[in-house]
Undergrad: 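Just dropping this structure here.
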Protein chains: 2
Amino acid sequence: MPQRGRPRGFDADEALERAVEVFWRQGYEGASVSDLTAAMGINKPSLYAAYGGKEELFRKAVARYAEKDMAYARNAFAQPTAYEVVATLLRENVVAVTRTDRPAGCLSIQGGTACSSDNAPVAGFLAASRLAGEGALADRFARAVAEGDLPAHADPVALARFVMIVSEGQAVHAAAGVSREDLRQAAEIALAGFAAASGARLPEQATQTV
Amino acid sequence: MPQRGRPRGFDADEALERAVEVFWRQGYEGASVSDLTAAMGINKPSLYAAYGGKEELFRKAVARYAEKDMAYARNAFAQPTAYEVVATLLRENVVAVTRTDRPAGCLSIQGGTACSSDNAPVAGFLAASRLAGEGALADRFARAVAEGDLPAHADPVALARFVMIVSEGQAVHAAAGVSREDLRQAAEIALAGFAAASGARLPEQATQTV
DNA sequence: CTATTTATGTACCGAGCGGTACTGATCCGA
DNA sequence: TCGGATCAGTACCGCTCGGTACATAAATAG
């Protein structure tokens with residue numbers, strides 16, 4: 001179907017990308033519509049016509065973030081063993097939250113853990129999406145138990161929770177300015193903890209020490 | 001020195017306590033001055049006269065929070081061994097971020113990890129205070145190395161970072177509504193990781209498994 | 001008593017918020 | 001070339017923001 005009417009004067013996908021960065025840096029409440037339109041290079045009515053409003057734009061931004069900036073997580077899930085899943089997840093998470101071409105931390109947390117009662121749905125939406133990722137990881141660990149890759153007594157849900165907690169802590173730390181190398185050390189300690197607590201089969205020799 | 005002029009019609013300390021809860025639940029930016037005065041039971045001019053302004057009130061609220069709600073941390077630091085310091089810290093942190101008589105999570109994170117550029121000092125202040133706690137923990141671990149309680153090759157700074165990362169993740173998770181018991185499991189995994197990675201002397205038998 | 005000092009409560013300030021009405025500009029199809 | 005459709009830009013909406021002026025109430029000092 002050919003286009004009808006005047007064509008859009010900006011790239012909606014690229015403008016959304018700019019919005020991602022503003023929300024990431026300033027949070028949902030800290031990002032004003034004026035901040036957003038300035039970064040996106042458009043006017044307010046264009047924002048409302050193309051995305052529906054501030055909250056809808058935020059949800060679209062989070063979706064884009066999950067697809068582009070969290071791609072490493074899907075890659076991690078595809079690793080053959082639970083240990084390698086966690087190793088990839090934690091190490092790649094450290095890289096993701098400390099990219100120099102991106103705001104520090106993670107949009108899912110920077111977006112807002114707390115907010116005014118008016119915006120409570122936003123914080124709830126972010127929390128739910130984080131917990132959804134945790135559920136997917138638990139499913140992956142359950143598969144590992146079924147495959148004998150994790151021992152039968154391992155608790156997939158508890159292990160997934162631990163890994164996500166570490167990831168979230170890494171993101172908070174990164175937002176505070178902690179360096180990639182410093183976070184890497186912490187990731188290795190967490191990985192050792194995972195190995196010790198889960199009884200996971202290790203790829204090489206022993207757990208690392210700091 | 002006797003009082004001069006009309007006496008204050010409210011308890012400044014109790015009102016500050018109410019402000020702590022509002023900031024904790026809604027974050028710095030999400031808490032409007034009207035929200036605060038309503039919860040504190042005072043009018044705006046009283047707030048400005050007694051505390052100086054919104055940002056000053058927030059700083060006083062954080063100070064009060066650190067003194068009252070983080071008392072468990074000072075208790076943890078006084079434990080005799082590094083392992084017990086971490087065990088107390090992580091376990092008590094789980095309790096602190098899931099109190100039913102308090103907002104979920106931790107003011108230091110709920111207060112705001114990201115915010116508008118106008119309020120950047122607030123986020124920076126919170127990040128700095130978290131990292132200060134991490135430094136204190138690193139000092140405690142350094143003492144443990146000196147005392148032979150941690151092996152000489154243990155890295156106090158890296159270990160402290162790991163523990164704080166887990167604490168922050170626990171707070172984020174708690175704010176998302178995860179239960180105390182669920183967080184406890186994660187704390188035990190982290191503790192096992194600390195033991196495995198640090199080579200700390202354990203109080204009893206072996207590391208726990210989930 | 002009056003004078004002084006401090007707190008309270010109302011009413012208000014300029015500024016910015018999220019969101020929109022309206023006027024033109026720019027494309028398509030007929 | 002013209003009509004319908006969609007977008008762009010300005011200018012504005014009501015509302016709330018953080019913060020304050022001002023008049024009044026309640027205490028002490030003399």
Side-chain angles (χ1 to χ4, degrees), chain A residues 1-16 18-19 22-23 25-61 111-112 114-123 125, chain B residues 1-16 18-19 22-23 25-61 111-112 114-123 125:
Chain A
M1 184 182 303
Q3 81 178 4
R4 304 251 311 167
R6 178 174 174 173
R8 183 171 282 151
F10 62 97
D11 182 327
D13 215 52
E14 201 164 317
L16 180 57
R18 297 288 89 74
V22 174
F23 281 129
R25 223 182 320 262
Q26 307 190 2
Y28 177 74
E29 290 189 323
S32 73
V33 174
S34 301
D35 291 337
L36 291 162
T37 54
M40 298 166 83
I42 64 177
N43 299 353
K44 269 196 274 190
S46 297
L47 188 156
Y48 282 83
Y51 306 96
K54 188 188 178 184
E55 184 170 340
E56 289 82 353
L57 174 63
F58 181 70
R59 295 182 125 92
K60 290 182 168 76
C115 53
S116 75
S117 47
D118 288 348
N119 295 322
V122 171
F125 160 68
Chain B
M1 184 182 303
Q3 80 178 4
R4 305 248 316 162
R6 178 173 175 173
R8 183 171 281 151
F10 62 97
D11 183 328
D13 215 52
E14 202 165 314
L16 180 58
R18 299 286 91 75
V22 174
F23 281 129
R25 222 181 320 263
Q26 307 189 2
Y28 178 74
E29 290 189 325
S32 73
V33 174
S34 303
D35 291 336
L36 291 163
T37 53
M40 298 165 83
I42 62 177
N43 298 351
K44 269 195 274 190
S46 297
L47 189 156
Y48 282 83
Y51 307 96
K54 187 187 179 184
E55 184 170 339
E56 288 82 353
L57 173 63
F58 180 71
R59 295 181 125 92
K60 289 182 169 77
C115 54
S116 74
S117 48
D118 288 348
N119 295 323
V122 171
F125 160 67

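Only a predicted model underlies this, so the values are computations on that prediction, with no experimental measurement involved. Protein chains get the first letters and strands the later ones, always in sequence-line order, with residue 1 at the start of each.
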Undergrad: Sequence neighbours excluded, which residues qualify as side chain to side chain donor-acceptor pair (under 3.5 Å) partners of B:Glu29?
TA: B:Ser116, B:Asn119
Undergrad: With sequence neighbours excluded, tell me which residues meet side-chain contact (heavy atoms from CB on, under 4.5 Å) with A:Asp11.
TA: A:Asp13, A:Glu14
Undergrad: Once you round it to whole Å, what is the distance between P of C:dG18 and CG of A:Leu57?
TA: 11 Å
Undergrad: Please enumerate all residues that pass salt bridge (charged side-chain N to carboxylate O under 4.0 Å, His left out) together with A:Glu55, with sequence neighbours excluded.
TA: A:Arg59
Undergrad: Begin with the C-alpha distance, continue with both residues' side-chain angles, and end with the deciding distance and a verdict on side-chain contact (heavy atoms from CB on, under 4.5 Å) for A:Glu56 and A:Tyr48.
TA: CA-CA 9 Å; A:Glu56 289 82 353; A:Tyr48 282 83; over 6 Å; no
Undergrad: Report yes or no: is the cationic atom of B:Lys54 (NZ for Lys, CZ for Arg) under 6.0 Å from the centre of the six-membered ring of B:Phe23, at an angle within 45° of the ring normal?
TA: no
Undergrad: I need the OH-C1' distance between A:Tyr51 and C:dG19, as an integer number of Å.
TA: 17 Å
Undergrad: Roughly how many Å is it from CD in A:Gln26 to P in C:dG18, rounded to a whole number?
TA: 11 Å
Undergrad: Starting at the 5' end of nucleotides 13-18 of chain D, put B wherever the base has a protein heavy atom under 4.0 Å, S where only the sugar-phosphate does, and a dash everywhere else.
TA: ----SB
Undergrad: By side-chain contact (heavy atoms from CB on, under 4.5 Å), which residues pair with A:Arg8, not counting sequence neighbours?
TA: A:Phe10, A:Ala12, A:Ala50
Undergrad: So which protein nitrogen or oxygen atoms get under 3.5 Å of nucleotides 21-26 of chain D's nitrogens or oxygens?
TA:
from   : atom 1 : to     : atom 2 : distance (Å)
D:dA25 : N3     : B:Arg6 : NH1    : 3.2

Undergrad: So if I take every side-chain heavy atom of A:Arg4 and compare against D:dA8, C:dT8, C:dG29, which nucleotide ends up nearest?
TA: C:dG29
Undergrad: For B:Asp118 and D:dG19, give me the distance from atom CG to atom P, rounded to whole Å.
TA: 11 Å
Undergrad: Can you measure A:Leu47 atom CG to C:dC17 atom P for me and round it to whole angstrom units?
TA: 13 Å
Undergrad: Rounded to the nearest Å, what distance is computed from the CG atom of residue B:Asn43 to the P atom of nucleotide C:dC12?
TA: 16 Å
Undergrad: Please give me the minimum heavy-atom distance between B:Met40 and B:Ala15, naming the atom from each residue.
TA: CG-O, 3.4 Å
Undergrad: Show me the side-chain donor-acceptor pairs of residues 30-39 of chain B shorter than 3.5 Å, one per line, residues at least two apart or across chains.
TA:
from    : atom 1 : to      : atom 2 : distance (Å)
B:Ser32 : OG     : B:Ser34 : N      : 3.4
B:Ser32 : OG     : B:Asp35 : N      : 3.0
B:Ser32 : OG     : B:Asp35 : OD2    : 3.2
B:Asp35 : OD2    : B:Ser32 : N      : 3.2
B:Thr37 : OG1    : B:Val33 : O      : 3.1
B:Thr37 : OG1    : B:Ser34 : O      : 3.1

Undergrad: With sequence neighbours excluded, what pairs up with B:Ala114 under the side-chain contact (heavy atoms from CB on, under 4.5 Å) test?
TA: A:Gln110
Undergrad: Could you check B:Gly52 against A:Ile42 and say which one's nearest nucleotide on DNA chain D is further toward the 5' end?
TA: A:Ile42
Undergrad: For D:dA8, take OP1 and OP2 only and decide whether either is under 4.0 Å from a side-chain N or O of A:Ser46.
TA: yes
